[in-house]
Each structure stands twice: as C-alpha cells, then as structure tokens.
Amino acid sequence: TRKFFVGGNFKSNGTITQIRSIIEGLNKASLDPNVEVVISPPAIYLLLANEIASNGVQVAAQNVYDKGNGAYTGEISAAQLKDAGINWVIIGHSERRALLGESDKFVALKTKAALAGGLSVILCIGESLEEREAGTTIDVVTRQLKAVADEVSDWSNIVIAYEPVWAIGTGKVATTEQAQEVHAAIREWLKKTLSAEAAEKTRILYGGSVTDKNAKDLATQPDVDGFLVGGASLKPAFVDIINSTA
Ligand code: 13P
C-alpha cells in the first residue's frame, strides 16, 4: 500500500530552456498514475517549474534552512518555499553533507524545520565506499536516521532515500540484493525506533546510478518503494523509470 515514488534530483544542472523542455516532456508523457512523481530543479527555477508542471508532477527544493525568515543571507526558509507553492524538499543529500559539511545534527534540524513549516521531506542517507568496505553500512545509516529521530517523532511526511555514496554519479548501481538488504534494515530500524505503523507506511527510495535499464529489477525488491534519480532524471528515459512498475 506504499505508493511508489520517483524523485528527479536535477542537482545544479539546467538552464531555463532546458528545465522548461524537461518539464514539457513530462507534462506530455504517459505517466503511471500509481506513481508519485516529484522533480527537484535548482532553487532559481523552482517557481518556473511549479508554474508549468502538470500531469501530477510535483516540485521539490534541494535544500532549506533550519531557521525562519531573517538575517540569513543566501538561505531560503520553509515558509518561503510554502509561500512559493513548493511542498517538498530534499534534505541531507550526500553532496551537501560532503561538500558543504552538513552534519547529521544540521540535517535533523532542517528536517524538523521543514516539517514544522508544512513541507514533506525526502531525507537522504547513505554510506561511503570506505564505510561499506569496513562493514559499517547499517551503523552509518541508522546513525544518520537516529539524529533525525532525536528531533522528529512524526515521520508521516518523510520519505527516506537510501543513496550509497559510491553509487552516486558513478554508474556503479547497487545490486538488487545490496539495496534490499539496507532497505530492510532501515525498515526494521523504523519499526524498532518509531512504530510498526511507521515502518509499514514509510517509503524507502533507492538512489545512485538508477537508469531505465536497472530500475525494473530494483523495483521488484519488497522494500524498494521508489527511486531518487540524478543524471537520468534530466533525460527522456526518466519517464521509463517512473513507469518501471507499470
Ligand atoms: P545519479 O542518479 O546521477 O547517480 O545521482 C543520484 C542522486 O544523487 C540522486 O539524489
């Protein structure tokens, strides 16, 4: 009963013309109505994207600040996203954790602020190659989740995206077994930490080198409830990923 969810994280890519053309493509496409679709363009294109997206396609910001409006140069508040009609935000992406030094705690505080502001959150977690090779994958993802659980008790507006760092933008997709193993562990953690209901209802997405070629296989796994797609979300084949369970 978990609605399949496919997110497109455009990262820092695109121009007005390209964003327009990607969205017009999605608007015209035949999208599986049983799939929730959320695209995430760079902040400067959020208003444009929200204005032109139709066909059930929703829009997410790639970041939000943990404070309200105020003297925070360069930041965007949850209230401002809401005001602009944006209802989703990606938080904790590994690129922001690595390149901008976002800590588990900061990610948790941003998640708290986003939810309090009425946004739904795509919460990204995942281990590095070194962590996987050291056998600490489950420790890392549960540590990242626990930081959020310390701040947030109601997870009904959170979608979890498991994105192993070594699979992001590398063409090295996790095997169906690797994805399922971690997804199942995350669901077990949700059950133990929050409730059986939260474990049952929370969608857990896989992200990292998802393409139209590997999506169908990954989607067969019982605990894979969708995808967070980077590079391939900028291409026409994104539609095939959206429709991978049809
Ligand atoms: P790629 O699909 O380009 O590997 O990126 C995944 C990702 O980071 C989505 O957030």
Side-chain angles (χ1 to χ4, degrees), residues 4-14 18-19 22 25-26 35-43 45-46 49 57-64 86 88-102 104 107 110-111 114 119-129 131-132 137 140-141 144-145 148 158-176 178-179 182-183 186 202-219 221 224-244:
F4 204 76
F5 184 110
V6 177
N9 176 8
F10 294 179
K11 310 190 178 183
S12 194
N13 289 300
Q18 287 165 344
I19 303 279
I22 291 168
L26 291 171
V35 178
E36 186 161 12
V37 180
V38 180
I39 54 166
S40 189
Y45 305 125
L46 284 171
V57 174
Q58 304 173 78
V59 176
Q62 295 177 13
N63 186 29
V64 68
I86 306 299
W88 285 91
V89 60
I90 296 173
I91 297 179
H93 193 280
S94 65
E95 286 150 15
R96 297 197 61 85
R97 292 181 190 259
L99 302 171
L100 292 133
E102 293 195 359
D104 292 343
V107 166
K110 295 210 277 192
T111 301
L119 300 173
S120 293
V121 172
I122 301 169
L123 173 65
C124 301
I125 57 173
E127 84 288 4
S128 67
L129 184 60
E131 290 163 338
R132 172 158 287 265
T137 296
V140 170
V141 298
Q144 292 169 331
L145 290 168
V148 176
I158 296 180
V159 173
I160 297 169
Y162 168 58
E163 301 203 297
V165 178
W166 47 271
I168 295 178
T170 57
K172 256 190 169 187
V173 67
T175 64
T176 51
Q178 284 172 327
V182 180
H183 283 228
I186 293 168
T202 304
R203 287 165 298 178
I204 306 173
L205 318 180
Y206 169 78
S209 296
V210 173
T211 65
D212 53 315
K213 304 283 184 288
N214 56 38
K216 259 193 168 46
D217 256 7
L218 287 161
Q221 299 304 303
V224 174
D225 306 314
F227 302 115
L228 187 56
V229 184
S233 70
L234 302 163
K235 301 183 186 139
F238 186 49
V239 171
D240 300 314
I241 299 174
I242 292 169
N243 292 339
S244 59

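These numbers come from the heavy atoms of this one structure, side chains and all, not from hydrogens, waters or symmetry mates. Counting starts at 1 for both ligands and their atoms, in listed order.
Interface atoms of ligand 1 facing Leu228, defined by a heavy-atom separation under 4.0 Å, are 9 (C), 10 (O). Taking every non-hydrogen atom of Gly208 and a distance limit under 4.0 Å, the qualifying atoms of ligand 1 come out as 4 (O), 6 (C). Atom numbering of ligand 1 starts at 1 in the shown order; those under 4.0 Å from a heavy atom of Gly231 are 1 (P), 2 (O), 3 (O). Residue-ligand proximity, Lys11 to ligand 1, at heavy-atom distances under 4.0 Å covers atoms 5 (O), 6 (C), 7 (C), 8 (O). Atoms of ligand 1 lying under 4.0 Å from any heavy atom of Ala167, numbered from 1 in the order shown and given with element: 4 (O).
Of all heavy-atom pairs spanning Gln178 and Trp166, the tightest one is OE1-CH2, 3.6 Å. Of all heavy-atom pairs between Val59 and Ile86, the closest is O-CG2, 3.6 Å. For the pair Pro42 and Lys11, the tightest heavy-atom approach, listed with the atom from each and the gap, is CG-O, 3.2 Å.
Comparing heavy-atom distances from atom 4 (O) of ligand 1 across Ser233, Gly169, Gly230 singles out Gly169 as nearest.
Any N or O atom pair closer than 3.5 Å counts here, and Ser209 shares at least one such pair with ligand 1.
Protein heavy atom in closest approach to atom 7 (C) of ligand 1: Glu163 OE2, 3.1 Å. Protein heavy atom in closest approach to atom 8 (O) of ligand 1: His93 NE2, 2.7 Å.
Side-chain contact annotation: Tyr162 with Glu127, donor-acceptor N/O pair under 3.5 Å present. In this model, no donor atom of one side chain and acceptor atom of the other lie less than 3.5 Å apart for Glu102 and His93.
Taking 4.0 Å as the cut-off between side-chain N and carboxylate O, Asp212 and Lys235 do not count as a salt-bridged pair.
Contacts between Ala232 and ligand 1 below 4.0 angstrom, taking non-hydrogen atoms only, are absent altogether.
The ring of Phe227 has its center closer than 6.0 angstrom to the ring center of Phe4.
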